[in-house]
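One structure below.
What you see below is based on every heavy atom in this structure, not just the backbone, and it leaves out hydrogens, waters and symmetry mates. Whatever order the structure lists ligands and atoms in, that order sets their numbers, starting from 1.
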Amino acid sequence: MTDSRMESISSRLNAVVASLPPQVALVAVSKFHPAEAIREAYDAGQRIFGESRAQELAAKAPLLPADIRWHFIGHLQTNKVAVVVPLVDLIHSVDSLRLLRAIDREAARHGKRQDILLQLHVAEEETKFGFAVDEIADAVSEASSLENVSLRGLMAMATNTDDTARIRADFLTAKAAFDSVKGGLSADSRSQFDILSMGMSHDRDIAAECGSTMVRVGTDIFGIRN
Ligand SMILES: *Cc1c(COP(=O)(O)O)cnc(C)c1O
């Protein structure tokens with residue numbers, strides 16, 4: 001086995017890209033890694049990067065090429081929405097109606113329609129953020145009623161475990177919810193609802209098998225975070 005810490009970011013990125021089915025997009029999760037590391041992945045062709053903290057994103061984005069598409073993937077406090085909305089293409093982690101409305105108001109201020117995903121809670125852990133499966137329909141109808149957000153899909157995280165059957169069950173629950181929401185949308189909204197963000201370094205293969213269209217991979221590209 002090769003030691004991944006010895007390999008370059010570009011070679012690890014290329015290996016991840018090569019391992020993904022063609023319908024699955026890659027978010028390179030660069031949280032806690034410096035701008036130089038992001039630049040190396042950028043130079044190897046990666047354009048979508050994920051960050052989970054507003055201040056860190058605001059500090060790094062100006063140092064890097066303007067054609068990077070930043071995605072926000074972490075828990076977002078409403079008082080940080082004004083920092084994040086001007087910078088990002090997609091917010092994966094919309095986990096409350098209050099946050100949803102705050103994003104809508106901030107997007108209006110920027111004359112922007114903000115692409116968002118609703119975060120679905122499917123994992124066993126009590127502490128994970130997100131809407132329960134039986135709350136998602138209300139969140140979808142709220143999102144559909146707002147003029148300055150565009151509901152692009154759902155995001156989910158599986159239970160943090162080595163039990164692959166458990167992980168698979170969580171992802172299949174998310175896929176079923178995705179299909180059910182999509183089926184209930186108007187024809188216009190349905191054509192925009194095309195992102196199911198699930199899968200991280202350790203469970204991305206299972207996620208892809210279960211219908212993921214977007215994986216969020218940090219460690220397998222940038223190495224262990226400090
Ligand atoms: C950090 C993070 C990831 C990436 O995790 P890795 O295990 O490093 O691939 C993916 N999604 C979210 C929401 C994260 O916070």
- prompt: What's the shortest distance from atom 4 (C) of ligand 1 to any protein heavy atom, and which residue and atom give it?
  reply: Arg216 O, 3.6 Å

task: Give the numbers and elements of all ligand 1 atoms closer than 4.0 Å to a heavy atom of Val217.
output: 9 (O)

query: Do His75 and Asp95 get their side chains close enough for a donor-acceptor pair, meaning under 3.5 Å?
result: yes

statement: Tested for side-chain hydrogen bond (donor to acceptor under 3.5 Å, both in side chains) against Glu51, the lone hit among Lys60, His71, Lys31 is Lys60

task: State plainly whether the residues Arg101 and Glu142 are in salt-bridge range, i.e. N to O under 4.0 Å.
output: yes

query: Is there side-chain contact between Arg152 and Gln192, with at least one heavy-atom pair below 4.5 Å?
result: yes

- line: Looking only at protein heavy atoms, what sits closest to atom 8 (O) of ligand 1 is Thr219 OG1, 2.6 Å

field: Location of contacts on His202 toward ligand 1, heavy atoms closer than 4.0 Å
entry: neither

- request: Among all protein heavy atoms, pick out the one at the shortest distance from atom 5 (O) of ligand 1; state its residue, atom name and that distance to 0.1 Å.
  value: Met200 CE, 3.5 Å

query: Closest non-hydrogen protein atom to atom 15 (O) of ligand 1, residue and atom name please, with distance?
result: Lys31 NZ, 2.6 Å

For atom 9 (O) of ligand 1, the protein heavy atom that lies nearest, with its residue and separation: Ser201 OG, 2.6 Å

field: Gap between atom CZ of Phe49 and atom CG of Leu64 - 0.5 Å precision
entry: 8.0 Å

query: How close does the nearest protein non-hydrogen atom get to atom 13 (C) of ligand 1, and which residue and atom is it?
result: Ile73 O, 3.5 Å

- prompt: Given that the side chain starts at C-beta and the backbone is N, CA, C, O, which of these parts of His92 lies under 4.0 Å from ligand 1, counting heavy atoms, or is it both or neither?
  reply: neither

message: Hydrogens and angles aside, do Arg204 and Ser19 bring a side-chain donor and acceptor to less than 3.5 Å of each other?
response: yes

field: For Gly218, atoms of ligand 1 separated by under 4.0 Å from a heavy atom
entry: 4 (C), 6 (P), 8 (O), 9 (O)

task: Verify the distance criterion only: is there a donor paired with an acceptor across the side chains of Ser8 and Ser10 at less than 3.5 Å?
output: yes

